[in-house]
Every structure is written in C-alpha cells, then in structure tokens.
Participant: 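Below you will find the structure I want to go over with you.
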Amino acid sequence: MTTAQELKDKKQTYYDDVAVGHQFPPLIIGPMTPTHLFRWSAAIENWHRIHYDQSFAIYHEGLPNILAQGSWKQSILPRYLKDICLPDGWPWKVTFQHRAMIVPGDTLTVWATVTKKYEEEGLGFIDCDVGIRLQYDTETCPGKATIVLPIRNGKAIPYPFVPPKKLAS
Amino acid sequence: MSQAPATGESALTPAVKAVIGASATKIEASLPWGIEREGLRIFTQAIMDPDPRYWDDEFAKTTKFGGIVTPPIYCTYLGRRTRPGSEDPVTRAFAENPNSDGIGGVRDADEGPGSLPKVPTHLKRILNAGNEIEVRQYPKLGDRVFSQAKYSDIKERVGKDGSRMLIVTTENIYTNQNGEVLCILRASTIRR
C-alpha cells in the first residue's frame with residue numbers, strides 16, 4: 001500500500017519517460033477481509049447483504065462467500081490511475097468490465113501497461129491496458145484507460161481538464 | 001459454436017427507440033451541506049487511499065487544486081446516501097420482506113426523482129456489460145454536486161443462440177453548482 005508521505009512526495013512521471021510496454025508500479029491491496037467489505041458498504045450505504053452477511057450470501061444466494069462490491073472495484077482503478085499521474089498529470093478516462101468475484105482472503109494487484117502514446121494539442125496522452133488481478137492470476141476487472149502526463153518543457157495540463165476536440169467522446 | 005440466425009421480432013422496437021436520448025430530471029446528488037470532510041474521510045479510508053490532498057489543508061493549498069479535493073469519482077456515490085428526514089429505507093425493506101436481500105426494497109432504481117423511464121421491453125434479465133468513467137474535475141469542500149441521467153444509446157445484438165438482446169447505455173453527467181462537468185459515468189447493461 002502507498003503511504004500518505006509517498007503520495008505527498010511523489011515525483012512526476014513524464015510523457016517522455018514511458019514507452020509502449022512500460023508497466024507502471026502496481027498497487028497491492030489485501031488480503032481483503034470481511035471488515036474491508038463491510039466498511040465500503042457502510043461508507044456508500046450499499047445494504048446488499050451479499051457483501052457483509054456471510055450466511056445470506058452462502059445459504060440464500062448460493063455464493064462461495066461474501067463478495068467485494070463492483071462499486072469498490074470501480075473506485076480503485078481511478079484511484080490507482082490518479083496515483084500514477086500525481087502531481088500534475090490527469091487520470092482522464094477508464095473503461096472496464098466486472099469479471100471474476102473477489103472474496104475475503106484475496107490479494108489484489110492493480111496494474112497498468114502502456115499500449116500507445118500520442119500527442120494532441122500539445123498534451124501527452126497514454127493509453128493503457130489496466131486491471132485488478134487476483135493472487136492466482138485471474139483478472140477480475142479488465143479494462144483500458146487513457147491518462148495525460150506532462151511533456152518535459154511542454155505546456156501545463158489544464159485544470160479542469162478539457163479533452164481535445166479530436167478525442168472528446 | 002457457430003452463429004445461429006436471429007429468432008423472433010426485433011427487440012429494438014419503435015417504443016424502445018423512442019427512449020434513446022430520454023433524460024431524467026437533474027437532481028442534487030450531494031446532501032444539502034455539500035462536500036464535507038467527514039464523508040470524505042470515511043470514503044477515502046474505505047478505498048484505502050491516504051492521499052493528503054483529501055485531508056491536509058496546508059499541503060492541499062500547494063497543489064494545482066488549491067485546496068482539499070475528493071477522489072476522482074467520489075461524486076458518483078453521493079446520490080446513494082439516505083437524505084435526512086426521509087423514511088428509513090432499511091427498516092422499510094425488512095418490514096415488507098423479512099428475508100430482504102437488503103437492496104430490493106431499499107432502493108428501486110426505476111423510481112424516484114432523477115430516475116429514467118423504464119425501457120419498454122419484454123427482456124427482463126439485466127447484466128452488467130461494462131462501465132466508462134471520464135473525469136474532468138474534482139469537487140472541493142463545500143461544493144454541491146448535481147447529476148442528470150440519460151439513455152445515450154440502445155443497440156440490438158444477436159446472441160450465438162440466435163436470441164435477441166439489447167445493449168442499453170446510460171450516461172450520467174455530474175456537475176457542480178456552477179454547471180461545470182466533474183465526471184461522466186457511462187454504464188452499459190445487457191437486457192436479455
């Protein structure tokens with residue numbers, strides 16, 4: 001896990017520093033416990049019992065255990081991309097699908113690998129494959145992301161971020 | 001397995017096509033007091049993100065954001081919270097059904113302000129087909145967050161067994177009190 005001090009002191013990764021195939025440092029989370037899952041349910045008021053009531057999950061729903069929430073996974077990927085971009089890059093866009101279940105005992109590796117880099121309107125765009133991998137290598141949240149990293153001696157990334165017209169959805 | 005020919009009538013009926021582009025009422029997703037520290041602390045600890053940009057005023061002032069901000073898609077979770085003064089949804093759910101799954105009676109996605117009209121289809125099974133999140137700006141302490149949903153696209157697909165299904169994409173745009181876009185969440189579901 002990353003510490004507050006590490007995030008405070010993080011040095012900028014520049015567009016110039018990465019090439020296709022570059023693997024950003026992974027974020028390791030876990031082992032997950034029922035308490036982690038319950039904390040998320042309480043934080044966002046998601047009362048679905050399959051996430052914190054083990055008897056209900058197993059005996060009523062036929063699941064192997066309580067399950068980590070899709071909404072939690074959905075928040076972890078942008079958080080990881082944000083960390084990669086700190087302090088002055090921008091975690092612009094991420095798409096993903098929910099695949100394998102995450103249950104207590106699982107340890108997660110959040111990862112990103114560069115698949116393409118290109119400049120548009122003077123900004124450095126990096127496309128990545130991303131995901132959250134379980135300890136036995138099963139991918140639970142495969143997706144794609146586009147982040148923006150500063151170009152050395154280039155212009156600042158605007159904030160609020162406005163995508164170039166050519167790339168806007 | 002080879003592709004079987006499509007069976008039955010098209011699922012993309014004129015009635016279904018008519019809801020493409022339909023928008024829900026814009027609603028306030030945040031509670032009346034806007035973005036506040038305690039909600040932010042609880043959320044960031046639940047995603048295990050100790051970033052001082054969420055809690056250290058002095059440091060946050062030195063960043064490009066100029067003060068405390070929220071995690072990238074924090075605003076998309078605000079609308080889930082029970083508003084003060086409203087009926088307790090948990091008590092109601094279990095009063096109606098002692099075996100409630102905790103969510104069926106707690107929240108019905110098809111009812112209430114800000115909800116989209118139902119897609120008029122006989123296809124009842126709903127599966128998650130993937131999400132896209134686009135982040136433009138982080139809310140700051142005190143900001144109020146609004147959301148508006150619309151059906152941005154509905155397409156028909158034919159399964160390998162020839163059955164017809166719909167891919168329904170909902171776009172939810174989150175804005176602040178100045179109308180600036182914070183985040184766009186596009187969620188696709190399969191109806192089959």
Side-chain angles (χ1 to χ4, degrees), chain A residues 1-8 10 27 29 36 38-53 56 60-61 70-72 74-83 86-88 90-98 142-146 156-157 159-163 168-169, chain B residues 39 41-56 59 62-66 71-74 76-78 80-82 89-90 93-94 99-107 127-138 152 171 176 180-188:
Chain A
M1 289 295 294
T2 326
T3 66
Q5 194 63 44
E6 286 168 343
L7 292 168
K8 199 171 185 175
K10 177 160 182 305
L27 172 68
I29 301 176
H36 287 104
F38 173 75
R39 180 169 62 178
W40 176 255
S41 281
I44 66 159
E45 301 185 24
N46 174 351
W47 307 123
H48 201 178
R49 293 165 69 188
I50 62 168
H51 301 306
Y52 56 86
D53 183 337
F56 180 84
H60 191 272
E61 296 293 302
S71 55
W72 182 80
Q74 179 166 304
S75 212
I76 292 299
L77 279 174
R79 171 258 157 110
Y80 170 64
L81 296 168
K82 178 267 298 178
D83 289 355
L86 287 175
D88 291 322
W90 189 248
W92 176 34
K93 201 157 65 169
V94 59
T95 65
F96 57 87
Q97 295 185 327
H98 294 296
K144 296 185 179 300
T146 302
I157 295 169
Y159 183 79
F161 181 72
V162 179
S169 299
Chain B
R41 181 190 67 81
I42 292 168
F43 183 91
T44 55
Q45 291 182 347
I47 58 168
M48 298 175 243
D49 188 348
D51 197 327
R53 291 160 184 80
Y54 307 143
W55 52 269
D56 183 337
F59 173 69
T62 69
T63 69
K64 68 192 286 184
F65 312 116
I73 62 169
Y74 179 66
T76 68
Y77 299 98
L78 296 172
R80 293 168 176 261
R81 293 178 180 173
T82 303
V90 176
F94 287 93
N99 293 315
S100 169
D101 63 5
I103 197 166
V106 173
R107 181 180 296 109
L127 304 168
N128 188 322
N131 292 352
E132 177 182 288
I133 297 164
E134 184 176 340
V135 185
R136 301 280 187 89
Q137 186 179 169
Y138 301 146
S152 56
E171 179 179 273
N176 63 16
E180 298 167 331
V181 176
L182 302 168
C183 178
I184 303 168
L185 174 61
R186 299 181 185 95
S188 295

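Naming convention: chains lettered A, B, ... in sequence-line order (proteins, then strands); numbering from 1 in each chain.
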Participant: Could you look at B:I42 and say if it's the side chain, the backbone, both or neither that has a heavy atom under 4.5 Å from chain A?
Facilitator: both
Participant: Can you find a pair of side-chain heavy atoms, one from B:R80 and one from A:S71, that are under 4.5 Å apart?
Facilitator: yes
Participant: Side chain, backbone, both or neither: which part of B:Y54 has an atom under 4.5 Å from a heavy atom of chain A?
Facilitator: side chain
Participant: Less than 4.5 Å to any heavy atom of chain A: does that hold for the side chain of B:L185, its backbone, both, or neither?
Facilitator: side chain
Participant: Rounded at 0.5 Å granularity, tell me how far CZ in A:F96 sits from CD1 in B:I133.
Facilitator: 4.0 Å
Participant: Minimum heavy-atom separation for B:G130 and A:Q97, please, with both atom names.
Facilitator: CA-CG, 4.1 Å
Participant: With chain B, which of A:L77, A:L86, A:I50 has the greatest number of heavy-atom pairs at distances under 4.5 Å?
Facilitator: A:L86
Participant: Enter the distance from A:W47:CH2 to B:T82:OG1 here, rounded to the nearest 0.5 Å.
Facilitator: 7.5 Å
Participant: If you measure from OG1 on B:T44 to CZ on A:R79, what distance do you get to the nearest 0.5 Å?
Facilitator: 10.0 Å
Participant: Working to the nearest 0.5 angstrom, can you tell me the gap between B:Q45 CD and A:H36 NE2?
Facilitator: 11.5 Å
Participant: Just verifying a value: how many Å separate A:I76 CD1 and B:D49 CG, rounded to the nearest 0.5 Å?
Facilitator: 8.0 Å
Participant: Give the member of A:G143, A:P78, A:S75 that has the highest number of heavy-atom pairs under 4.5 Å with chain B.
Facilitator: A:S75
Participant: Are there over 12 heavy-atom neighbours, none belonging to A:F38, within less than 6.0 Å of that residue's CZ?
Facilitator: no
Participant: Could you check if a side-chain atom of A:F161 sits within less than 4.5 angstrom of a side-chain atom of B:E134, using non-hydrogen atoms only?
Facilitator: no
Participant: Taking the six-membered ring for Trp, are A:W90 and B:Y138 closer than 6.0 Å centroid to centroid?
Facilitator: yes
Participant: Given the options A:P87, A:P91, A:P163, which has more heavy-atom pairs under 4.5 Å with chain B than any of the others?
Facilitator: A:P163
Participant: Between B:R186 (side chain) and A:T95 (backbone), is there a donor-acceptor pair under 3.5 Å?
Facilitator: no
Participant: Please flag which part of B:P50 lies under 4.5 Å from any non-hydrogen atom of chain A: side chain, backbone, both or neither.
Facilitator: both
Participant: A:L81 versus B:V135: any side-chain heavy-atom pair under 4.5 Å?
Facilitator: no
Participant: Could you give the distance from CD (A:Q74) to CD1 (B:I47), rounded to the nearest 0.5 Å?
Facilitator: 12.0 Å
